[in-house]
Amino acid sequence: MKEVTVIFKHFPDKETIIEILSYNNFFKRVFGFIKNNKILMRISSLCLIGMMAVGVSIVSVGITLGLKVNYAGAFIATVKNSGVFDDAKDIAVDHIESSNADKVIETPKFSMTLTVSDRLDSAVKVADAIIENTSDITEASALIVNGEYLLCAQTADLENQLESRRTGFEIEGAENASEFTDDIKVENGYYLKSEISDSEEITAAVNRLDVKTVSVITTDSEIPFTKKTVKTSEQLIGYSKVTTAGQNGITRKTESVESVNGTEISRTELSSEVVKEPVQQVTTVGTAISTASAAQRSAERSAGFICPLKRGSFVVTSYYGDGRNHKGIDLGASAGTSIYAVANGTVTYAGYDGDYGYSVVVDHGNGLKTRYAHARALCVSRGQTVSQGDVVAYVGSTGYSTGNHLHFEVIVNGARVNPVSYIGLD
Ligand SMILES: [Zn+2]
């Protein structure tokens, strides 16, 4: 027996079916054979009755003729008639966000089949199957700007690009709030693949959208510390020491900065507070020309020294200790001014001595010595005995010196001490 498969574009009407059936060789032969055989006639009558009974029971359980729908190479549904497919197509077209939707829906192939009535598919279900099986239909999203369709694209791609654009002008470390100045909507649905925009097209469209960003930024700025000087008579002139280190303070300012596409359009100060007060730097400087006690100064004066330069012929240009570990006293005077031995003694050095230049050292006994330095010329020689008031040299600027002056030292048991009290300058 040859199986007959008839493929219809549309569901055939009743006459066509009867015609098709009557042309079927099998039925022709069976009917012919039965006609020519009486016994068979009877048997077939019984069979026919049986078959009718079966037919009645078939109808009663709901067996019916239907159409298998082959859509785009796949069996997608069984429908009652081709009208169901047409309805499904209309539903599908309504679901697709494109004016060209009807053009991408393919023509189905129908084939007749027996089925149970409650297995017939509804138009809504067929519409879903059409959408699923149409190669040019995809789930995607449309970008709607101020109510107007701009493009459709893969949802994730579109959403990612919109998010990058929206947050792209935020300031790192600030509290930011960003929004598009236009009304932006992303509408999910079915779209035609052929109408989907690629990444570059999305970028071009998204980059035309204006973004307003409000950033609350906090900035710290330094408050420079101030300085003050405190004088102390506890220390010698020239003493200078930072006794309290200065520290810059900090002002914290909070501002709201509004920008459009990264261009600042306004800035409002929200608050400003000093979070750290500056610490004033204190420098302590010495004012004393001698730190010795009154008793000690008196004892020093009692050494009986006279001043090595005549009173009124000099000015003190630098005291003992003065900033640079100065171990003597500098008496500024004109070149050639006479320098006197401050007490009787013996010259233990007279010559040129490095930084001292031309200098004289006189030993007064009892561990006391005096030095006279930077002289222009010397008047004594080593081993010579001098009396208080004898001229030992003349003021000059030899050795490590920047001007005419006498550098005078008092040396007690080898240590250079403050000369001021010895020569009455305290
Ligand atoms: Zn000096």
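Small disclaimer: the values here were computed from a predicted structure and weren't measured. Heavy-atom basis, side chains included; hydrogens, waters and symmetry copies ignored. Counting convention: from 1, in listed order, for ligands and their atoms alike. Along the sequence shown, residues carry numbers from 1.
Atoms OG1 and CD1, on T226 and I223 in that order, are 11.0 Å from each other to the nearest 0.5 Å. Distance check: D220 CG to K276 NZ gives 11.0 Å after rounding to the nearest 0.5 Å.
In H407, the N, O or S atom that comes nearest to the Zn ion (ligand 1) is ND1. Distances from the Zn ion (ligand 1) to the N/O/S atoms of D330 are shortest for OD1.
With hydrogens and angles disregarded, no donor-acceptor distance shorter than 3.5 Å links the side chain of Q235 to the backbone of T232.
Using the six-membered ring where Trp is involved, Y358 and Y352 have ring planes that are perpendicular, over 60° apart on the 30 and 60° scheme.
When distances to the Zn ion (ligand 1) are checked against a cut-off of 2.8 Å, H374 contributes no N, O or S atom below that limit.
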